[in-house]
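Below is one structure; the comments refer to it alone.
Computed from a predicted structure; not experimentally measured.
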Amino acid sequence: MAASSYAFLLLSLLLVLLPWAQATRVQYCDHNPDYEVEVTGVDISPEPVIRGKPATFSVSATTDKPISQGKVTIDVYFFGIRIHEEIHKLCEETSCPIPAGNFVLSHSQSLPGYTPPGNYMLKMTIVDPDGHTLTCISFNFQIKFGSSVADS
């Protein structure tokens, strides 16, 4: 096989694998989840998160039943220690009522400029008004220093 064929094959393989390698890996809180809300993906923008700058976490999900209300708890861990907790009404993070099918829950926030850079873990739990867990996921993300030009 010619060198150009190998190069084409390698480039094709990289183009197929690159989006998969960059995808945020989501784990359910339970090893065998049977949640009413199935999370299909998480998009973090920007990735990695830059301290002192706005960041958006968009969670793509699907449900078989309509959801009219509930709450979202967000816990952030650094080196395994919970350092931050937020509780929001579900309808503040997405449009309600949520019909059966696909939906996106989006949370934006600017992290303080003094936030230490490093690897973090975010745990998100959605519960209905009766306290029944609709879903619980966790995923890792990184925070890095901003550029010196952007921080000035």
Side-chain angles (χ1 to χ4, degrees), residues 7-33 35-64 66-128 133-152:
F8 177 75
L9 181 62
L10 182 59
L11 180 61
S12 298
L13 186 60
L14 285 173
L15 289 175
V16 169
L17 293 178
L18 188 59
W20 176 79
Q22 292 178 343
T24 301
R25 184 171 176 234
V26 176
Q27 295 179 323
Y28 285 101
C29 299
D30 300 323
H31 295 293
N32 189 15
Y35 295 121
E36 293 178 34
V37 173
E38 178 185 338
V39 174
T40 57
V42 173
D43 181 46
I44 304 170
S45 179
E47 190 171 15
V49 173
I50 300 171
R51 66 188 198 161
K53 303 293 179 189
T56 301
F57 297 85
S58 298
V59 178
S60 300
T62 187
T63 182
D64 291 335
I67 303 169
S68 60
Q69 56 183 318
K71 71 177 180 179
V72 179
T73 302
I74 299 170
D75 294 303
V76 180
Y77 295 82
F78 187 55
F79 289 109
I81 299 169
R82 186 175 72 183
I83 59 166
H84 185 72
E85 179 183 50
E86 295 180 10
I87 299 173
H88 300 273
K89 292 180 181 179
L90 178 62
C91 298
E92 292 173 351
E93 306 296 309
T94 192
S95 298
C96 285
I98 300 169
N102 298 329
F103 68 97
V104 175
L105 184 144
S106 187
H107 180 75
S108 295
Q109 184 168 344
S110 289
L111 302 175
Y114 58 80
T115 304
N119 295 315
Y120 290 76
M121 193 264 296
L122 186 143
K123 177 182 172 186
M124 183 191 76
T125 306
I126 301 174
V127 297
D128 68 14
T133 301
L134 299 176
T135 198
C136 180
I137 62 165
S138 66
F139 57 88
N140 296 322
F141 67 99
Q142 259 190 341
I143 296 177
K144 71 174 193 170
F145 288 110
S147 72
S148 58
V149 172
D151 290 340
S152 51

TODO: Identify the two heavy atoms, one from C91 and one from S68, that lie closest to each other, and give their separation to 0.1 Å.
DONE: SG-O, 3.5 Å
Task: Atom pair CZ/CZ of F57 and F139 - distance to nearest 0.5 Å - done: 5.5 Å
Open item on the list: Tell me every residue that passes side chain to side chain donor-acceptor pair (under 3.5 Å) with E86, counting only those two or more places apart in sequence or in another chain.
Closed with: H84, H88, H107, Q109
TODO: To the nearest 0.5 Å, tell me how far I137 CD1 sits from L122 CG.
DONE: 7.5 Å
Task: Sequence neighbours excluded, every pair satisfying side-chain hydrogen bond (donor to acceptor under 3.5 Å, both in side chains) that has a member inside residues 112-127 - done: N119-Q142
- [ ] Decide side chain to side chain contact (heavy atoms under 4.5 Å, CB included) for D128 and I67; before the verdict, give the C-alpha distance in whole Å, the side-chain angles of both, and the deciding distance to 0.1 Å.
- [x] CA-CA 8 Å; D128 68 14; I67 303 169; 6.0 Å; no
Task: Separation of Q69 CD from I98 CD1 (nearest 0.5 Å) - done: 11.0 Å
- [ ] Please list, chain by chain and in numerical order, all residues satisfying side chain to side chain donor-acceptor pair (under 3.5 Å) with S45, sequence neighbours excluded.
- [x] none
TODO: Search all heavy atoms of D30 against all heavy atoms of Y35 and return the closest pair with its distance.
DONE: OD2-OH, 2.8 Å
Task: Interatomic spacing from CZ in R51 to OG in S110 - rounded to 0.5 Å - done: 14.0 Å
Open item on the list: Using 0.5 Å steps for rounding, measure from the SG atom of C136 to the CE atom of M124.
Closed with: 8.5 Å
TODO: Could you tell me whether the side chain of I50 reaches within less than 4.5 Å of the side chain of K144, counting heavy atoms only?
DONE: yes
Task: K71 vs L90 side-chain heavy atoms within contact, under 4.5 Å - done: no
TODO: Would you check if T56 and P54 make a side-chain contact, meaning some heavy-atom pair closer than 4.5 Å?
DONE: no
Task: Min side-chain heavy-atom separation T24-E47 under 4.5 Å - done: yes
TODO: Please report the closest heavy-atom contact between P46 and A55, naming both atoms and the distance.
DONE: CD-CA, 4.1 Å
TODO: Only counting residues at least two apart or in another chain, list the ones meeting side chain to side chain donor-acceptor pair (under 3.5 Å) with T62.
DONE: N102
Task: Step-by-step side chain to side chain contact (heavy atoms under 4.5 Å, CB included) determination, E85 to T73 - done: CA-CA 7 Å; E85 179 183 50; T73 302; 3.6 Å; yes
- [ ] Measure across F78 and P117 and return the closest heavy-atom pair with its distance rounded to 0.1 Å.
- [x] CZ-O, 3.9 Å
Open item on the list: Restricting to non-hydrogen atoms, name the atom on S60 and the atom on V104 that form the minimum distance, rounded to 0.1 Å.
Closed with: OG-CG2, 4.1 Å
Open item on the list: Which residues pass the ring pair (Phe, Tyr, Trp, His ring centres under 6.0 Å) test with Y77, not counting sequence neighbours?
Closed with: none
Open item on the list: Restricting to salt bridge (Lys or Arg N to Asp or Glu O under 4.0 Å), what partner residues turn up for D75, sequence neighbours left out?
Closed with: R82
Task: T94 OG1 to F103 CZ distance, which is reported to the nearest 0.5 Å - done: 6.5 Å
